[in-house]
Structure formats: C-alpha cells, structure tokens
Amino acid sequence: DDRWLSVGEIAEYLGISKDSVYSWNEETERNEMEKMASSTTTRRRANGPESDVVCVDLFCGAGGLTEGLQQSGVKVVAGVDFEEACRHPYEANHDGIVFRQADVAELDASTLDGWFGNAKVSVLAGCAPCQPFSKYARRYQKEEDGNSVENDERWSLLNHFGRLVEETMPDIVTMENVPTVIKHSVFTNFKGTLERLGYKVWVEVIDCSKYGLPQRRHRTVLLASRHGDIKLRDPIACEARTVEDVIKGLPILRHGGTD
C-alpha cells in the first residue's frame, strides 16, 4: 500500500498524541524552508510578485492558477475567460488584476502584447477546458455517433493557444490538463508547435498529492522555455498533506454558517 498515512494513523501506530506528530511536521517544514530561504524564488515570494516577470492567464476561470502564480512570485496582469460569470470571483480574490471577458479563439497578438508591456520575462499560461479531453469524452463522444470530441469547440482551443504563442513568442509557456489530454492530436500538435518555434518542452503527468494537495489528483503539466531546459521542481517530502492537516485548525460552522 503506497498511500500516505494520516496524522491520526501515525499517532495511533506509535502510541503518541497527534500534537507530537504535528510538532515533528512543523519542525521538518521549518528545516526545509531554511534550506530554500537562500533561493531567488523564495526571496521573491516573500517580497511579493516580481514586476519583471509578467503573466497572462488564459482560460482563467475563478483564478486558481492565478492565485498559485501570485504566491510563487509571478505578477499576473490579466485573467482571460469566455464566461462573464467568472469576473466577480476572479476580481474579488485578486485585487488589482483585471478580468478580461474574451474568447481566446478571437484574441489577437497585439492585445496580448499590450498586456505584457515591457516585461523582461513574459509568461503565457493556459489551462484550456478539460471536458473534451476527459476519460468520459473518449469513451462516449464517438465519431460514429456524430458526437466526436473533435466537433466540440472547446477541443480546438489548444490550437488557438498555440497560435497566440507563435504570434507573441512569450519567454515561458505553461499549461495543465487532465492526464488523457496527451492522447489527443490537438495536444500533440500544440507541443509540436512549441518545439518547432525553438522552445524546450517538458511534459509529465504528476501526482498533485506530492505537492501538498490533500487529494489523489493527477494532472498533465507542460512547461516550455525559450531560454533552455525547464522542468517542474521535485516535490519535498514534507509537502504531502491529508485533508485533516489542511482543515484541522478551521472553526466549526453550523449549517448555513459563515466565518
């Protein structure tokens, strides 16, 4: 069994209290952070987003990726999504970042270039809608039924992402999607476009639980750079967390209650 043990299971097995286990975890985290403290990335995160690393987040939704980028020291200047309903949660949670309601299929390079401005390092992120690439779509949306995933307008959005990369040539490109996206020709073409343009491309299906997500969730992650090899950093052992680790300190709420 390769699953992570919960704090409660570890405490029961060792015959100690949960608080003792938590103290070990906190000490380990402090030691790991001390090792990382000298890194440029950590210094930038502590001082806020760097103004010379600028990102546009395509298919931003409510802003989950934007939040992660901001926490990692990347300045996001625009979130783009077709759904106007995303505006309120996006702007409410990301003060100072403008939500742009737009269809990526109709977005042009001059608009993107205007958002990037004079950034020393430009990052174009795009997590296209995953529904056409899911296991469900591969199983049930068949060509013989006249309902092929290739006929889904969302399926071709990766082509438009690739078009925008070619027209603007950002320094860094990143995307994530469901694991089965790699089985689709539109993803193969997208990756091929990046390589043809001279980007160094890294793609891997990762287990997000190893990076601190309290859920067994696998995602395809792509990173591409015009400036040499690039890859996602390796996970740190102390990052793995259970649901209990994440919510144990939250106040108890009654039905319909708020904090």
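Bear in mind the structure is a predicted one, so any value in this text is a computation, not a measurement. Only heavy atoms go into these numbers, but all of them, side chains included; no hydrogens, no water, no symmetry mates.
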Legend entry - Gly162 to Thr193 - nearest heavy-atom pair and separation: O-CG2, 4.2 Å
Inset, instruction - Look only at the side chain of Ser209 and the backbone of Pro214, and say whether a donor-acceptor pair between them is shorter than 3.5 Å. - result: no
Legend entry - Spacing of Ile230 atom CD1 and His227 atom NE2 [to the nearest 0.5 Å]: 9.5 Å
Legend entry - Partner residues of Glu167 under the side chain to side chain donor-acceptor pair (under 3.5 Å) criterion, sequence neighbours left out: Arg163
Inset, instruction - Test Pro170 against every option in Val165, Val123, Val121, Val54 by the side chain to side chain contact (heavy atoms under 4.5 Å, CB included) rule and name the one that passes. - result: Val165
Inset, instruction - Indicate the atoms forming the closest heavy-atom contact of Gly126 with Met175, along with that distance. - result: O-CB, 3.0 Å
Inset, instruction - Could you tell me which residues satisfy side chain to side chain donor-acceptor pair (under 3.5 Å) with Thr168, sequence neighbours excluded, listed by chain and number? - result: none
Legend entry - Test salt bridge (Lys or Arg N to Asp or Glu O under 4.0 Å) applied to Glu204 and Lys231, step by step: CA-CA 9 Å; Glu204 192 167 303; Lys231 64 169 292 187; over 6 Å; no
Legend entry - Side-chain donor/acceptor of Asp81 to backbone N/O of Gly61, under 3.5 Å: yes
Inset, instruction - Say whether Ser110 and Asp113, considering side chains only, have a donor N or O and an acceptor N or O under 3.5 Å apart. - result: no
Inset, instruction - Check whether Leu250 and Val246 end up in the same hydrophobic cluster, where Ile, Leu, Val, Met, Phe, Trp and Tyr are linked by side-chain heavy atoms less than 4.5 Å apart. - result: yes
Inset, instruction - Might you point out which heavy atoms bring Cys55 and Leu69 nearest each other, and give the distance in Å? - result: SG-CD1, 3.6 Å
Legend entry - ILVMFWY cluster, Leu124 and Val201 together (side-chain gap under 4.5 Å): yes
Inset, instruction - Return yes when atom CZ of Phe82 has more than 12 non-hydrogen atoms of other residues, nucleotides or ligands closer than 6.0 Å, and no otherwise. - result: no
Legend entry - Candidate pair Glu91 and Arg87, rule salt bridge (Lys or Arg N to Asp or Glu O under 4.0 Å), full reasoning: CA-CA 6 Å; Glu91 293 189 340; Arg87 180 184 298 276; 3.7 Å; yes
Side-chain donor/acceptor pairs under 3.5 Å, residues 92-99, sequence neighbours excluded:
{"residue": "Asn93", "atom": "ND2", "partner": "Pro89", "partner atom": "O", "Å": "2.8"}
{"residue": "His94", "atom": "ND1", "partner": "Tyr90", "partner atom": "O", "Å": "2.8"}
{"residue": "His94", "atom": "NE2", "partner": "Gly63", "partner atom": "O", "Å": "3.3"}
{"residue": "His94", "atom": "NE2", "partner": "Glu67", "partner atom": "OE1", "Å": "3.2"}

Legend entry - Same apolar cluster (I L V M F W Y, side chains within < 4.5 Å links), Val173/Ile182: yes
Legend entry - Inter-residue atom distance Leu58.CG - Leu107.CG, 0.5 Å rounding: 6.5 Å
Inset, instruction - Consider only side-chain heavy atoms of I, L, V, M, F, W and Y, link residues closer than 4.5 Å, and tell whether Leu213 and Ile206 are in one cluster. - result: no
Inset, instruction - Report the C-alpha separation of His184 and Phe190 in whole Å, then their side-chain angles, then the decisive distance to 0.1 Å, and conclude whether the side-chain contact (heavy atoms from CB on, under 4.5 Å) test is met. - result: CA-CA 10 Å; His184 289 259; Phe190 176 73; over 6 Å; no
Inset, instruction - Could you tell me whether His218 atom NE2 has more than 12 heavy atoms of other residues or ligands within 6.0 Å of it? - result: yes
Inset, instruction - Determine, step by step, whether Arg216 and Asp207 satisfy the side-chain contact (heavy atoms from CB on, under 4.5 Å) criterion, reporting the C-alpha distance in whole Å, the side-chain angles of both residues, the deciding distance to 0.1 Å, and the verdict. - result: CA-CA 7 Å; Arg216 282 303 177 100; Asp207 180 355; 4.1 Å; yes
Inset, instruction - Determine yes or no for a side-chain-to-main-chain donor-acceptor pair under 3.5 angstrom, with Thr174 supplying the side chain and Leu222 the backbone. - result: yes
Inset, instruction - Hey, could you give me the SG/CD distance between Cys60 and Gln101, rounded to the nearest 0.5 Å? - result: 10.5 Å
Legend entry - Side chain Ser72, main chain Val74, donor-acceptor under 3.5 Å: no
Inset, instruction - Please report the C-alpha distance between Asp229 and Trp202 in whole Å, then the side-chain angles of each, then the deciding distance to 0.1 Å, and finally whether the side-chain contact (heavy atoms from CB on, under 4.5 Å) criterion is met. - result: CA-CA 8 Å; Asp229 292 336; Trp202 175 89; over 6 Å; no
Inset, instruction - Could you go through the side-chain contact (heavy atoms from CB on, under 4.5 Å) check for Leu232 and Tyr211 one step at a time? - result: CA-CA 11 Å; Leu232 190 67; Tyr211 288 87; 3.6 Å; yes
Legend entry - Main-chain N/O of Asp171 paired with Ser122 side-chain donor or acceptor, under 3.5 Å: yes
Legend entry - Minimal non-hydrogen separation, Met169 against Leu197, with atom names: CE-O, 3.9 Å
Inset, instruction - Please round to the nearest 0.5 Å and tell me the distance separating atom CZ of Arg226 and atom NZ of Lys200. - result: 14.0 Å
Legend entry - Taking every non-hydrogen atom, the tightest pair across Ala109 and Leu164: N-CD2, 4.3 Å
Legend entry - Smallest separation among heavy atoms of Glu176 and Cys127, with atom names: CG-SG, 3.4 Å
Legend entry - Straight-line distance of Thr111 OG1 to Trp115 CH2, nearest 0.5 Å: 6.0 Å
Inset, instruction - Output the distance between atom NZ (Lys248) and atom OG1 (Thr242), rounded to the nearest 0.5 Å. - result: 9.5 Å
